[in-house]
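Working notes, beginning with the structure itself.
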Amino acid sequence: MSGGGCSIVWFRRDLRVEDNPALAAGVRAGAVVAVFIWAPEEEGHYYPGRVSRWWLKQSLAHLDSSLRSLGTALITKRSSDTISSLLEVIKSTGATQLFFNHLYDPLSLVQDHRVKEVLTAQGVTVRSFNADLLYEPWEVHDEEGRPFRTFALFWERCLSMPYDPESPLLPPKRIISGDVSRCPSDTLVFEDESEKGSNALLARAWSPGWSSADKALTTFINGALIEYSKNRRKADSATTSFLSPHLHFGEVSVRKVFHLVRIKQVLWANEGNRAGEESVNLFLKSIGLREYSRYMSFNHPHSHERPLLGHLKYFPWVVDEGYFKAWRQGRTGYPLVDAGMRELWATGWLHDRIRVVVSSFFVKVLQLPWRWGMKYFWDTLLDADLESDALGWQYISGTLPDSRELDRIDNPQFEGYKFDPHGEYVRRWLPELARLPTDWIHHPWNAPESVLQAAGVELGSNYPLPIVEIDAAKARLQEALSQMWQNEAASRAVIENGTEEGLGDSSESVPVAFPQDMQVEMDPEPVRNIPTTTTIRHYEDQMVPSMTSSLVRTEYDESSVDLRNSAENRAEVPRTVNIIEEPVREAIIHPLRQTVQSNNTMPRYNFAVGRRNSEDSTAESSSSVMKDGGIVPVWSPSSSNFSDPFAAEDNGIGTSSSYLQRHPQSHQLMNWRGLPQTG
DNA sequence: AAATAATTGCC
DNA sequence: GCAATTATT
């Protein structure tokens, strides 16, 4: 076929054979070597959690057997450096081309650029594709070419693009295998002995792999989809699509989901089925949120670690590990929150509604630093997804222009009756409250003593009293918010005086690292409602090592988890984290605005202009306009000043949130001008 | 029945 | 904050 050498198809989070553009390109070009590289240390702080690794293991095995039935196999490599492993595979197979599909998390954005640079320099043809999104982030923008800053406008635009998303590709009929005789697979280890027992339980509920993903999709579309709208209030998850872990690992393509759902949409629209139509719109919206999370990550690559609206930087977080622990253990005294946390801990899964409940409780009532919560989600969720989770937590924390307001506290008691009106969900996950009548199930602290006694509940003993009263939380939140605005104003004043230009962001900060001990101890010992004496506030957004900076070994210590017996530990976070203040590199400008850029202080990434459809050009280090005018980024550090296209704009557009209107000075999204430089 | 108030849902 | 929905008078 093409001049002798075979192609490498590099699999990442696109573990499927159907609608996989990189694989299709490889097959088209001739012989294929399929590769997966496991280099978790590169993910530093975001080393995948136990359940996520379990999923990956199953999914890879499944992909391997599919590839085998098509004529090749999946080569797996254990690595501490992805790029050298790629080079090694290329050398040992004599490949001349590399194909892969785009990812949009900050680490991949940087890494993929380097891959292109390095391999192209070695004479390898590198091509990358869109397999993960309906539209590439750079395809969706307003009339002036600026990225949207609110979800509604973004999604509206996606749904009315002048061209449809690419149609899903069929799986290849047959794959000609490249010569892998000198390229042996490494055995990948995804779980240690202590994790096996708990992982065995996961297999009862889930089956990873692209063919079950496909099955799940069909089942959902022909089943629960039509009731999606009606059921969206229910806490028990039987009515959701269950696609999120499949989608995270790319076992099913969103484009396929989109196309199939659209077919139903047309059908129901013709039948005049209003409920069905509404369900479709709602479900598509959740697909849209996933798209939007990639869009945000691409346009704001720090969004997993920094609030997008700068004011939150001044929020006085309550740094209280006792609160944090109570939340993780499901011992906050609020049944709906606790039930959710127990479910998450036991199953790695949580209904979206409940994710909002527990995370907003975390941020608003406990006022713990949002990144701790996000990290815990990362470690425990089966569908842990950096971009989606970052978007979710930013939304909850009120740091998106279209966020939920920070100053409104949701009352878990009322939410309980809304999402779990009969208390079934709470009873399932909180056996200690199982005998409590529905009238009191979501607020046991109000129940008469006789009722509690009859139900065998002893508050403060076998079930805690509320860790923080809602009214107290409201007052504390108001106080914290006015403190935040004061701090922000003070900081602005300093900056305007010019005394601390450029340093204002970092100089006064006391970084708040993750707690040393994030273990969950489900000790049967009653947790009393001990007032926390160590309420330290930090007047700075919490800081942990940035993902890109930590090619740092993190130590995990996970011991076994058993659902029945609640006397075990689980470490969720590295005990030791070496914080390396390494520069963060992926500042980004909008492609259409780079001409506006001026002075040279920051590295940034350029965009090259390339083909519009799923293929992009081979690596190029400078911008160039191609015939059909679409834009494809080529990540290339350059040394001109980074300016966040949003921050530079006026303050008024797309912000409707109350306190933002009251505090118009804080409309700007943060920009990263003050960051240190990369070498 | 129409006007007004209160409540919810907004990624 | 604002629009849409629901409750109240």
Side-chain angles (χ1 to χ4, degrees), chain A residues 104 133-134 137 140 147-159 228-235 240-241 244 247 254 274-275 277-279 281-300 303-304 306-309 311-312 350-364 370 373-374 377 381 383 385-419 421 481 646 651-664 666-667 669:
Chain A
Y104 309 89
L133 295 175
L134 300 176
V140 185
F148 292 104
R149 38 202 281 159
T150 57
F151 171 71
L153 292 173
F154 165 81
W155 189 230
E156 196 187 311
R157 176 73 186 151
C158 287
L159 291 175
Y228 191 77
S229 162
K230 206 179 85 192
N231 288 329
R232 88 195 111 125
R233 285 174 148 250
K234 302 257 179 71
T240 64
S241 72
S244 58
L247 280 168
V254 262
R274 292 278 305 287
E277 270 192 278
E278 207 201 320
S279 288
N281 289 337
L282 263 165
F283 177 69
L284 285 182
K285 199 167 108 178
S286 68
I287 296 291
L289 286 168
R290 179 183 173 284
E291 297 270 310
Y292 192 56
S293 72
R294 270 73 181 152
Y295 187 75
M296 291 305 270
S297 176
F298 178 82
N299 286 305
H300 305 279
S303 61
H304 66 294
R306 283 164 204 237
L308 281 173
L309 289 172
H311 61 252
L312 202 76
L350 218 45
H351 189 289
D352 183 55
R353 293 281 139 185
I354 307 302
R355 294 184 197 205
V356 171
V357 169
V358 300
S359 56
S360 101
F361 184 86
F362 185 92
V363 172
K364 312 277 184 77
W370 63 276
M374 190 180 130
F377 270 25
L381 278 172
D383 58 6
D385 181 283
L386 197 58
E387 296 97 309
S388 291
D389 291 350
L391 181 69
W393 282 89
Q394 295 245 11
Y395 165 66
I396 292 302
S397 311
T399 56
L400 300 171
D402 49 356
S403 276
R404 176 176 274 245
E405 295 102 315
L406 235 190
D407 54 1
R408 192 142 91 187
I409 286 189
D410 301 301
N411 190 325
Q413 177 186 336
F414 302 144
E415 289 183 310
Y417 287 108
K418 221 173 359 179
F419 303 137
L481 284 172
F646 288 4
N651 295 333
I653 304 166
T655 51
S656 61
S657 183
S658 63
Y659 64 83
L660 286 184
Q661 244 144 37
R662 273 181 267 128
H663 301 275
S666 292
H667 282 203
L669 298 179

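So that the names make sense, note that chain A is the first sequence line, chain B the second, and so on, each numbered from 1.
A side chain to side chain contact (heavy atoms under 4.5 Å, CB included) with A/Trp155 is found for exactly one of A/Leu284, A/Leu289, A/Thr150, A/Val140, namely A/Leu284.
If you check every strand for non-hydrogen atoms under 4.0 Å, A/Asp352 touches a base. Using a 4.0 Å heavy-atom criterion, one finds that A/Arg408 contacts the bases of the nucleic acid, with or without backbone contacts as well.
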When you compare the protein's N or O atoms with those of nucleotides 3-8 of chain C, which come within less than 3.5 Å of each other, and at what distance?
none

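Atom CG of A/Leu391 and atom C1' of B/dC11 are 6 Å apart (whole Å). In this structure, A/Tyr295 atom OH and B/dC11 atom P are separated by 16 Å, rounded to whole Å. Taking atom CD on A/Glu156 and atom C1' on B/dC11, their separation rounds to 15 Å, with Å as the unit. Rounded to whole Å, the distance from CD1 on A/Ile396 to C1' on B/dC11 is 8 Å. Here the C1' atom of nucleotide B/dC10 and the OH atom of A/Tyr292 are 14 Å apart, to the nearest Å. Between the OH atom of A/Tyr417 and the P atom of B/dT7 there is a distance of 19 Å, rounded to whole Å. Rounded to whole Å, atom P of B/dC11 lies 10 Å from atom CG of A/Leu153. C/dG1 atom P lies 18 Å from atom CG of A/Leu400, rounded to whole Å.
Side-chain nitrogen and oxygen atoms of A/Lys285 include none within less than 4.0 Å of the OP1 or OP2 phosphate oxygen of B/dC10.
Across all their heavy atoms, A/Tyr228 and A/Ser279 have their closest contact at N-OG, 3.4 Å. Listed here is the closest heavy atom pair of A/Leu350 and A/Arg355: O-NE, 2.8 Å. Here the shortest heavy-atom pairing between A/Pro412 and A/Phe361 reads CG-CD1, 3.8 Å. The two residues A/Leu312 and A/Ser397 make their nearest non-hydrogen contact at CD1-O, 3.7 Å. Here the closest heavy-atom approach between residue A/Ser359 and residue A/Trp393 is recorded as CB-CH2, 3.3 Å.
Using the six-membered ring where Trp is involved, A/Tyr292 and A/Phe154 have ring planes that are tilted, between 30° and 60° apart.
Listed nucleotides: B/dC11, B/dG9, B/dC10. Nearest to the side chain of A/Lys418: B/dG9. Distances from the side chain of A/Arg233 to the nucleotides B/dT8, B/dC11, B/dC10 place B/dT8 closest.
For B/dC11, the base is not stacked against the aromatic ring of A/Phe151, per a cut-off of 5.5 Å between centres and 30° between planes.
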